[in-house]
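These notes concern the structure reproduced below.
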Amino acid sequence: MKKTLLLTENFPPKEGGSGRWFWELYSRLPNDKVLIVANDTPEGREFDKTHELDIVRIELESTEWGLATTRGLGFYWETIRKVLKLIKEHGIEEVHCGRVIPEGVIARALKLLAGARYNCFVHGEDVETAATSREHSLLVKNVCKNASMLVCNSENTANIVRKLGFDSGSKCEVLHPGVDTSRFEVAAPDTSFRQQMGWSGKRVLLTVGRLQRRKGQDFLIKSMPALLKEFPDLFYAVVGRGECYDELISLVDQHKLHDNVCVYPDMDDEALIKCYQQCDIFILPNRTIDNDIEGFGMVLVEAQVCGKPVIAGDSGGTRETMNIGKTGHIIDCSSTENLLKELSPILRNREIVDGEVDIADYAKNRFNWDQHVAKAKRLFK
C-alpha cells in the first residue's frame, strides 16, 4: 500500500455514517502507511487522545464550497497550502478524499501542484446534490475525470456517477461499508433495559440516524395515529440528533403520541447497541428529497447483525443492505399514504420475515470488516 493521506471533514467524533466508515476502515489499515487529516475541533482533539492513529487536525469546515466567492477561494487556498506541506513532510504518495466536494477539489489541486494521485469516495447524495449546481457540477466532473479511482459505497451510487456522466473511464469501484461484529451482536432479551426505555409491553420500531427529512422520521410519526388504531402496542423509538429535532418533537405533541413515540437525542454507544439488540424491528423510512438520497444505509446492516429484521424506504442504495423478503423489506416511503399502505401488511405478521435465512449470519458473512478491509487493500494496493 502506498503512503496515503486520508482527507476528510467527516471523521469521529463527528457523527454520521461516512465518518464511522472511515474510522472503521482506516483504523484497520497499516498504521505506518496512513496519515489522516480531519477537521479541527476541541472534541476532535479530545477524541484523538483515545487512539493511536496518525492524525492531523486542520480547519476543514466552510460555508462555501464553490470557487466563485472570496470565502470559497480563501478556504481552498488555505487548505491546499496546509495539506501540500503535510504531503511533503510525510512523503505522501496518494490522497484519499472523503467526498468529491470539497475534499476532491483540494486533491485535484494537489495533483497539479505535487503530482500526488488521488482516489475519491462517493456516497451518492454528494454527487446528486452537486448536479443541481452548475458550478459544483463542473467541479465534480473535473475531480472525477482526474481521479485514479472513484470508491462508491454502493452499486446504486456507482450507477448515479455513470448516469450523470462523472465517470468516463470505468473508474468506479464499489466498496460497501462494513460492521464491527465484535460490538454489534445478537443479545438475549433485556427486560430491565426495555423498561428503562419505556418499551415494556410494546412492539418497538427503531430508527437510528440523523434527524433530517430524507431519513423519514417525520412521515412515520405522522403515520403513527393510524398505525396505532390497528397495532395499539406499537412504539416508535427515534435515536439521533439533527436539524429536524424540534419539528419531530412538535409532531409528537401535535398528535399526542407521548406514550408511543420517543426521540432520544443523547445516546451513548453502549445504549445505542442495546437499542438495536432490544427493539423488535428496525426501520429506516428514507425517501428522496430533490437530489438528496440515502447512499447505502449502514444502520440497516448494524441492525441485521444484531438479529433484527429491517424495513427501508425504496430510495438510494438501501436494497443492497439486505436479502429482500428474507432479512428485510423495501417499501415506498415517499408519502405518509404510501408508507401506511405498504407498512401495515408487513406489521400484520408477527414474524415479518419467513425465518429461512438467519438474519445475523447473513449480515455478518456479507458485511464483516475482514472482508471489506481485504478488498480495500486490493483496491489501494
Side-chain angles (χ1 to χ4, degrees), residues 6 10-12 15-29 96 98 121-125 150-159 172-187 206-210 215 239-240 269 272-277 279 281-284 286 293-330 352-380:
L6 170 66
N10 292 322
F11 198 77
E15 296 178 338
S18 58
R20 193 161 71 252
W21 181 21
F22 296 143
W23 163 262
E24 296 287 359
L25 175 58
Y26 283 85
S27 64
R28 288 173 167 82
L29 296 177
H96 293 178
F121 284 89
V122 189
H123 307 274
E125 66 273 15
L150 302 174
V151 185
C152 301
N153 64 350
S154 66
E155 293 289 350
N156 182 74
T157 295
N159 289 333
C172 288
E173 295 285 354
V174 174
L175 184 66
H176 289 308
V179 64
D180 186 346
T181 55
S182 68
R183 295 177 63 235
F184 295 87
E185 58 184 358
V186 176
L206 171 69
T207 297
V208 175
R210 185 164 182 81
K215 300 289 187 182
V239 176
D269 286 348
L272 171 62
I273 293 173
K274 282 192 173 183
C275 284
Y276 280 118
Q277 294 168 333
C279 74
I281 302 165
F282 186 90
I283 184 165
L284 181 66
N286 61 296
I293 62 167
E294 186 73 30
F296 181 65
M298 285 178 66
V299 290
L300 295 161
V301 176
E302 290 168 349
Q304 288 172 91
V305 170
C306 293
K308 301 304 174 180
V310 297
I311 301 170
D314 192 6
S315 168
T318 54
R319 287 178 171 271
E320 297 172 50
T321 65
M322 68 184 78
N323 184 339
I324 297 174
K326 301 297 182 183
T327 68
H329 298 276
I330 296 291
I352 73 165
V353 290
D354 59 24
E356 291 181 10
V357 174
D358 185 285
I359 296 172
D361 283 349
Y362 165 81
K364 283 190 288 188
N365 291 335
R366 188 172 177 203
F367 295 106
N368 70 81
W369 270 116
D370 290 344
Q371 176 179 310
H372 291 292
V373 170
K375 183 173 183 179
K377 287 179 177 178
R378 290 197 300 272
L379 292 177
F380 302 154

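Note that the structure is predicted; figures quoted are calculated from it, not measured.
With no hydrogens or angles considered, no side-chain donor-acceptor pair links Tyr362 and Gln304 at under 3.5 Å.
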task: Output, in order, the C-alpha distance, side-chain angles, deciding distance and verdict of salt bridge (charged side-chain N to carboxylate O under 4.0 Å, His left out) for Arg20 and Glu302.
output: CA-CA 12 Å; Arg20 193 161 71 252; Glu302 290 168 349; 2.9 Å; yes
task: Check the pair Lys215, Glu294 against salt bridge (charged side-chain N to carboxylate O under 4.0 Å, His left out), reporting the backbone distance first and the verdict last.
output: CA-CA 8 Å; Lys215 300 289 187 182; Glu294 186 73 30; 2.9 Å; yes
- request: With salt bridge (charged side-chain N to carboxylate O under 4.0 Å, His left out) as the test, would you mind laying out the steps for Arg183 and Asp269 before giving the verdict?
  value: CA-CA 10 Å; Arg183 295 177 63 235; Asp269 286 348; 3.8 Å; yes
task: Show the numbers, then the answer: is there a side-chain contact (heavy atoms from CB on, under 4.5 Å) between Lys377 and Leu29?
output: CA-CA 8 Å; Lys377 287 179 177 178; Leu29 296 177; 3.9 Å; yes
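Closest approach of Asn153 and Pro177 over heavy atoms only: O-CD, 3.7 Å. Residues Val353 and Gly328 approach most closely at CG1-N, 3.7 Å, considering heavy atoms. Of all heavy-atom pairs between Cys275 and Val239, the closest is SG-CG2, 4.4 Å.
You'll find the side chain of Leu175 reaches within 4.5 Å of the side chain of Leu25, heavy atoms only. Between Trp21 and Phe296, every side-chain heavy-atom pair lies at or beyond the 4.5 Å cut-off. Side-chain contact between Thr181 and Val179: present, with at least one pair of heavy atoms (C-beta onward) separated by less than 4.5 Å.
Of the candidates Leu284, Asn286, Ile330, Asn156, Asn286 is the only one forming a side chain to side chain contact (heavy atoms under 4.5 Å, CB included) with Ser315.
Judged as a salt bridge (charged side-chain N to carboxylate O under 4.0 Å, His left out), and not counting sequence neighbours, the contacts of Lys326 are Asp354, Glu356.
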